[in-house]
Amino acid sequence: MILDSINGTDLTPVQKSRIELVNDHIKQLSSNIQRLDKLIDLMIEPYEDYISFLCQIPGVSRNSAITILSEIGVDMNQFTSTRRLTSWAGLTPSSN
């Protein structure tokens, strides 16, 4: 991968080893991201209806819907009005 892109370039063995180390680290991070994505998918299964509902809002993607749910939850009783929710979320217009 990375080494293929620099084919023909004179690198020292130490430079090559460092590049291979970075490449291995990138592979490990990618693997961890895939594992986390699967874990998130398992965690949100019970909330699929809420996610689908939020995705009907123009501009709200699946990831955005998951973020919204993770921040405010599904119980809106804690907010006495829409104004309180938007204020809590930092979405209330203001003039500073």
Side-chain angles (χ1 to χ4, degrees):
M1 295 207 181
I2 293 174
L3 292 177
D4 292 339
S5 68
I6 56 172
N7 192 15
T9 304
D10 292 330
L11 296 175
T12 66
V14 171
Q15 289 173 317
K16 288 179 182 179
S17 294
R18 290 171 61 191
I19 290 171
E20 287 172 351
L21 183 65
V22 169
N23 193 33
D24 289 344
H25 185 66
I26 290 170
K27 288 178 185 177
Q28 180 62 43
L29 290 173
S30 295
S31 173
N32 288 346
I33 290 170
Q34 288 176 357
R35 289 175 55 204
L36 281 170
D37 284 343
K38 288 178 184 176
L39 180 59
I40 290 169
D41 287 341
L42 285 173
M43 292 170 61
I44 63 168
E45 273 182 10
Y47 305 100
E48 282 298 333
D49 290 342
Y50 296 105
I51 292 168
S52 297
F53 183 70
L54 286 170
C55 286
Q56 294 177 20
I57 301 170
V60 175
S61 68
R62 180 172 175 76
N63 285 340
S64 297
I66 293 168
T67 301
I68 291 167
L69 284 178
S70 68
E71 289 293 329
I72 63 172
V74 295
D75 181 11
M76 295 297 112
N77 289 326
Q78 61 189 340
F79 302 105
T80 57
S81 70
T82 56
R83 289 177 187 242
R84 297 251 184 198
L85 172 60
T86 56
S87 177
W88 180 87
L91 300 172
T92 306
S94 62
S95 176
N96 296 325

So, [X] side chain and [Y] main chain: donor-acceptor pair closer than 3.5 Å or not?
| X | Y | value |
| --- | --- | --- |
| Ser87 | Arg83 | no |
| Ser52 | Glu48 | yes |
| Ser70 | Thr67 | yes |

Inter-residue atom distance Asp41.CG - Leu36.CG, 0.5 Å rounding: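 Going from CG on Asp41 over to CG on Leu36, the span is 11.0 Å.
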
Between CD1 on residue Ile40 and CD1 on residue Ile66, distance to nearest 0.5 Å: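 Taking CD1 in Ile40 and CD1 in Ile66, the distance rounds to 7.0 Å.
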
Ser61 versus Ser64, side-chain donor and acceptor atoms under 3.5 Å: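 On atom types as modelled, these side chains qualify, holding a pair under 3.5 Å.
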
Same cluster for [X] and [Y] if Ile/Leu/Val/Met/Phe/Trp/Tyr side chains link at under 4.5 Å?
| X | Y | answer |
| --- | --- | --- |
| Phe53 | Ile44 | no |
| Val74 | Val60 | yes |
| Met76 | Ile51 | yes |

Step-by-step side chain to side chain contact (heavy atoms under 4.5 Å, CB included) determination, Leu69 to Leu54: CA-CA 9 Å; Leu69 284 178; Leu54 286 170; 3.8 Å; yes

Neighbour count >12 (heavy atoms, 6.0 Å) for atom CG, Asp49: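 Incorrect, the count does not exceed 12.
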
Neighbour count above 12 (heavy atom, 6.0 Å) for Phe79 CZ: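 For Phe79, atom CZ is crowded (more than 12 foreign heavy atoms under 6.0 Å).
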
Steps toward side chain to side chain contact (heavy atoms under 4.5 Å, CB included) verdict (Ile72, Trp88): CA-CA 9 Å; Ile72 63 172; Trp88 180 87; 3.1 Å; yes

CA sep, side-chain torsions, deciding dist, call: Gln28, Asp24, side chain to side chain donor-acceptor pair (under 3.5 Å): CA-CA 6 Å; Gln28 180 62 43; Asp24 289 344; over 6 Å; no

